[in-house]
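Quick caveat, the model's predicted, so the values are computed rather than measured. When a ligand or atom number is given, it counts from 1 through the structure's own listing order.
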Amino acid sequence: MSNTKITVTSPLLPPLEEFTPYLQKIWESKWITNNGHFHRELEKALAEYLGVPYISLFTNGTLPLITALQALNIKGEVITTPYSFVATTHAIWWNGLTPVFVDVDQKSGNMDPAKIEAAISERTTAIMPVHVYGRPCDTAAIDAIAKKRGLKVIYDAAHAFGVTLNGRSLLLEGDISTLSFHATKTYNTIEGGALVCHDEKMKKQIDYLKNFGFADEVTVVGPGINSKMDEVRAAYGLLSLKYIDEAIKKRQKIAYRYRAELAGIKGLSYFEDLPGVRHNYSYFPIFIDEPAYGLSRDELYNKLKEKNIFGRRYFYPLISKFDPYSALPSAAPANLPVAEKLAAEVLCLPIHHELTESDQERIIALIRG
Ligand SMILES: *Cc1c(COP(=O)(O)O)cnc(C)c1O
């Protein structure tokens, strides 16, 4: 068997020869950033593809989270999940707010709505959940709590590109949803991101904030930031969008194959598709119960690594374990038993549009043996 390196993901790169005409157009126009032609085209194309009325492009997936908290004027404490990429909590911290960690649901890895109310204090103003692995949170339950307690909801939907729930974009849940188009994500613009909101007034506000707060040459409406996507990356994104459905189809095939081939292995579990959800198969996490499986998660991780196969332990360590946050009362392991368990058991297997059948066979054989 071959021993070529297999990584957890591989960027969806548009064909280089197809990209050249886009570059030529940008060079000819000399309009290389600040809401240029391709920027406007990509916003239009993404709004249509994703099925959302208002979307604003950003330079990455962290700044829309930071900007969402600014735009909604969030103060005090924000309830969030420790089982995510560290940027989710960083965005709260960068606004001078206090993150409050709530445990997750074992069945999904998403914030457990049953644990939210106990974490609400008189300082709480918002909830920031994450659709982990692109699998929808219990948005109905979260929405009901938010309405009852007068809280805003910002979904970190970095993993949820193209996910729909009963035919409706998941990005329409909550007050604001954000996306990441980083190279490692299902759909990428090398670096990039976006913010989805519900009305024109909010989109305008967001577009001002991502451009230093400028509403016009002489008016600054708020303490803005610079998070404008440039023309080269917007063009790259526009071209890549032509290939995304094909890439997701390949991912789906890989996910189905993993499920078929890993079924019944003692001590190994994984998620199934959910009814009514169009999944994007952005990750394929498996969970290793050491006593039943015979190896610990880390032993399996290293066994694969020795054979040049690089899974990733998303999300280990928990955000609540990192230095800036570990001293928070809500970061105590006793407060987060399910998240602690998932973080100890999870291994995300390679899944991407270029993974071949023989690569996948190598991975499956090692996990079985
Ligand atoms: C990737 C990611 C981000 C950050 O996105 P960047 O584009 O890398 O800034 C935020 N949240 C989650 C859950 C992510 O996976």
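- Interatomic distance, CG of L12 versus NE2 of H352, reported as 11.5 Å (0.5 Å rounding).
- For ligand 1, the polar-atom distance check finds an N/O of T62 within less than 3.5 Å of one of the ligand's N/O atoms.
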F315 vs F85, test: ring-ring contact (aromatic ring centres under 6.0 Å, His included). Steps then yes/no. CA-CA 7 Å; F315 289 97; F85 182 60; 7.2 Å; no

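- With respect to E173 and R168, a salt bridge is recorded, a charged nitrogen being found less than 4.0 Å from a carboxylate O.
- Contact of the M229 side chain with the F58 side chain is not registered, since no non-hydrogen atoms from C-beta on lie closer than 4.5 Å.
- In this structure, the ring of F161 has its center less than 6.0 angstrom from the ring center of Y49.
- Using modelled atom types and a 3.5 Å distance limit, the side chains of Y281 and D273 yield a donor-acceptor pair.
- Within 6.0 Å of atom CG in L23, more than 12 heavy atoms from other residues, nucleotides or ligands are found, so the atom counts as buried in its surroundings.
- Near S84, the atoms of ligand 1 lying under 4.0 angstrom from a non-hydrogen atom of the residue are 13 (C).
- Geometrically, ligand 1 and V130 share no nitrogen or oxygen pair separated by less than 3.5 Å.
- Atom 6 (P) of ligand 1 has as its closest protein heavy atom G61 N, 3.4 Å.
- Nearest protein neighbour of atom 3 (C) of ligand 1, counting heavy atoms only, is F85 CD2, 3.7 Å.
- Of the listed options E191, K185, H182, K185 places a heavy atom closest to atom 2 (C) of ligand 1.
- Taking every heavy atom of G192 and a limit of under 4.0 angstrom, the matching atoms of ligand 1 come to 7 (O).
- Among all non-hydrogen protein atoms, the one lying nearest atom 10 (C) of ligand 1 is D156 OD2, 3.6 Å.
- The ligand atoms of ligand 1 that sit less than 4.0 angstrom from a heavy atom of A87 are 4 (C), 10 (C).
- Looking from atom 5 (O) of ligand 1 to the surrounding protein, the closest heavy atom is S180 OG, 3.2 Å.
- Annotation: atom 15 (O) of ligand 1 to nearest protein heavy atom, H159 NE2, 2.7 Å.
- Residue contacts with ligand 1: G193 is excluded, as none of its non-hydrogen atoms falls under 4.0 Å.
- Salt bridge status for K201 with D199: absent, with no side-chain N to carboxylate O gap under 4.0 Å.
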